Enquirer: 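Before I ask anything, here is the structure I am working with.
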Protein chains: 2
Amino acid sequence: MGNHPRLQDRADSREGVPFLPDYVLFLLASTSAAASEEFHAEVRANGLRVPEWRVLACLSDADGQMVTRLAALSLMEQSRLTRIIDQMDARGLVERRSDAADRRRVRVFLTPAGADLARRMIDKARAHETALLDRLPGGSGRELKRLLRVVYRELCADD
Amino acid sequence: MGNHPRLQDRADSREGVPFLPDYVLFLLASTSAAASEEFHAEVRANGLRVPEWRVLACLSDADGQMVTRLAALSLMEQSRLTRIIDQMDARGLVERRSDAADRRRVRVFLTPAGADLARRMIDKARAHETALLDRLPGGSGRELKRLLRVVYRELCADD
DNA sequence: AACGAAAATATGAAATCGCATCTTTTGAAA
DNA sequence: TTTCAAAAGATGCGATTTCATATTTTCGTT
């Protein structure tokens, strides 16, 4: 057998090569954080926390969702959403109604005030998104969005 | 003037069109969450919380960073990182050394045990990333990664 | 040098979060 | 029709997180 050095022969063939800048989970999380930062500041300036804004947006798309489903869509744990709904209910933004067909279920609905606020915030979100995508070079933002739709759908399909 | 209906004439020209599935910040956050879920479970199975894993990975790329910079890279608030460093220090994963040139600064270094753990976790992360990208259809994962590099760089440039 | 503003980190206290578990309700099997 | 596992949501409580601010150190002016 020849004495060609195998990869394993050196301590680490990737010595000195940075990991994170080429790691997709880092890129996803960091890009998401960087892109959201500005708008999240606007959310807070409008008296909402990010999870509350997510709930409003989800319900605006599909009102009357179950707590567990809404938690998944809003990227938070169920027990956390329960308490966020408590607070939003107390503020008159949403209300709970128990499902007649299955009384374990609780469906969450926007109040008129919640629906108004959701509309206003969604308008702001659309404007911010347009500005964000316009500022990215050569349509890369819109191309990124297209790919994200593909990949997101694929990742959710496994569930 | 003609009586063509203008967009503003109807209450909302987007009535019934869902917002979130076409909103880039939603797609980014949700895709990031969905893609990271599996690996984050592995992180926790190895006795680390996600923020701790991020710190290890950052320091593995560039040891001895300042607290504030490390917090930004690790996607958390500075005061939170301070306490996470406390815990990781107590576990013997990292250590603080004050910067001789500017004594306000605290630099964070991996201990040998921390560096070992970082190496092992990065190996797992690389394997997981490969599997993840292979499972996405038609190279869309690798194309997404390419675009994320472009967009992330652009978003950070404004800072 | 003395001063004040700004930077880097730490910390106290209140709010929030997450895990485990509880209760209620359903569905299905025996 | 009884029983039992699973599903949906709520809750207690310890741990974490955040916000505001304190502390220490540096830097640029005067």
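Values in this document were obtained by computation on a predicted structure and should not be read as measured data. First the proteins, then the strands, lettered A, B, ... as listed; each starts at 1. All values below come from the heavy atoms of this structure, side chains included, with hydrogens, waters and symmetry mates left out.
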Enquirer: Could you please name the option among D/dT24, D/dT11, C/dT11 that lies closest to any side-chain atom of A/Thr82?
Expert: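 Of all the options, the side chain of A/Thr82 is nearest to D/dT11.
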
Enquirer: Can you tell me the distance, in whole Å, between the CD1 atom of B/Ile84 and the C1' atom of C/dT9?
Expert: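 Interatomic distance, CD1 of B/Ile84 to C1' of C/dT9: 16 Å.
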
Enquirer: Examine D/dT18: is either OP1 or OP2 under 4.0 Å from a nitrogen or oxygen in the side chain of B/Arg80? Give yes or no.
Expert: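 Checking B/Arg80 against D/dT18: at least one side-chain N or O falls below 4.0 Å of OP1 or OP2.
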
Enquirer: For A/Arg91, check side-chain hydrogen bond (donor to acceptor under 3.5 Å, both in side chains) against everything at least two apart and list the hits.
Expert: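 Result, side-chain hydrogen bond (donor to acceptor under 3.5 Å, both in side chains) vs A/Arg91: none returned.
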
Enquirer: Mind listing the closest non-hydrogen atom pair of B/Leu81 and B/Val67 along with its distance?
Expert: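 For B/Leu81 and B/Val67, the tightest heavy-atom pair comes out as CD2-O, 3.2 Å.
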
Enquirer: Starting at the 5' end of DNA chain D, which residue's closest nucleotide do you reach first, A/Arg105 or A/Arg83?
Expert: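 Taking each residue's closest nucleotide, the earlier one in sequence belongs to A/Arg105.
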
Enquirer: Send over the distance from A/Arg97 CZ to D/dG9 P, rounded to a whole Å.
Expert: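 Interatomic distance, CZ of A/Arg97 to P of D/dG9: 15 Å.
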
Enquirer: To the nearest Å, how far apart are B/Asp99 CG and C/dA7 P?
Expert: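 Nearest whole value for this atom pair: 17 Å.
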
Enquirer: Could you please name the option among C/dT9, C/dT26, D/dA10 that lies closest to any side-chain atom of B/Val106?
Expert: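 Within the option list, the nearest is C/dT9.
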
Enquirer: If every non-hydrogen atom of B/Tyr152 is compared with every non-hydrogen atom of A/Ser30, which pair is closest and at what distance?
Expert: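 Scanning both residues completely, I find the closest heavy atoms to be CE1-CB, 3.4 Å.
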
Enquirer: Under 4.0 Å from OP1 or OP2 of D/dT16: is there any side-chain N or O of B/Gln87 that close?
Expert: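 Checking B/Gln87 against D/dT16: at least one side-chain N or O falls below 4.0 Å of OP1 or OP2.
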
Enquirer: Please assess B/Met121 against B/Val43 for the test side chain to side chain contact (heavy atoms under 4.5 Å, CB included), listing each intermediate value before the final yes or no.
Expert: CA-CA 8 Å; B/Met121 292 306 299; B/Val43 167; 4.0 Å; yes

Enquirer: DNA chain C: A/Ala101 or A/Ser79, which has the more 5' nearest nucleotide?
Expert: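 Residue closer to the 5' terminus by nearest nucleotide: A/Ser79.
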
Enquirer: B/Arg49 CZ to C/dC19 C1': how many Å, rounded?
Expert: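 About 14 Å, once rounded to whole Å.
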
Enquirer: Which whole-number value in Å describes the distance from A/Leu81 CG to C/dT16 C1'?
Expert: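 One finds 14 Å between C1' of C/dT16 and CG of A/Leu81, rounded.
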
Enquirer: Does B/Glu52 form a salt bridge (Lys or Arg N to Asp or Glu O under 4.0 Å) with B/Arg54? I'd like the steps, not just the answer.
Expert: CA-CA 5 Å; B/Glu52 294 170 331; B/Arg54 289 192 170 131; over 6 Å; no

Enquirer: Is there a side-chain hydrogen bond (donor to acceptor under 3.5 Å, both in side chains) between A/Arg105 and A/Gln65 once you walk through the steps?
Expert: CA-CA 10 Å; A/Arg105 296 181 175 173; A/Gln65 303 203 53; over 6 Å; no

Enquirer: Which sits closer to the 5' end of DNA chain D, A/Arg107 or A/Arg44, going by the nucleotide each is nearest to?
Expert: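 Residue closer to the 5' terminus by nearest nucleotide: A/Arg107.
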
Enquirer: Taking the side chain as everything from C-beta on, heavy atoms only, tell me whether B/Val108 gets closer than 4.5 Å to B/Asp63.
Expert: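 With C-beta onward as the side chain, the pair stays apart.
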
Enquirer: How long is the line joining CG of B/Asp102 and P of D/dG28, in whole Å?
Expert: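 The answer, rounded to whole Å, is 12 Å.
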
Enquirer: CZ of A/Arg104 versus P of C/dT25: gap in Å, rounded?
Expert: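 For the pair A/Arg104 CZ and C/dT25 P, the rounded distance is 10 Å.
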
Enquirer: Can you list, in residue-number order, the parts of residues 64-78 of chain B that come under 4.0 Å of DNA chain C, counting heavy atoms only?
Expert: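 Result for residues 64-78 of chain B: B/Met66, B/Val67, B/Thr68, B/Gln78, sorted by number.
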
Enquirer: Do A/Arg103 and D/dG9 share a donor-acceptor pair, side chain to base, under 3.5 Å?
Expert: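 Counting by modelled atom types and ignoring angles, no donor-acceptor contact under 3.5 Å is found here.
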
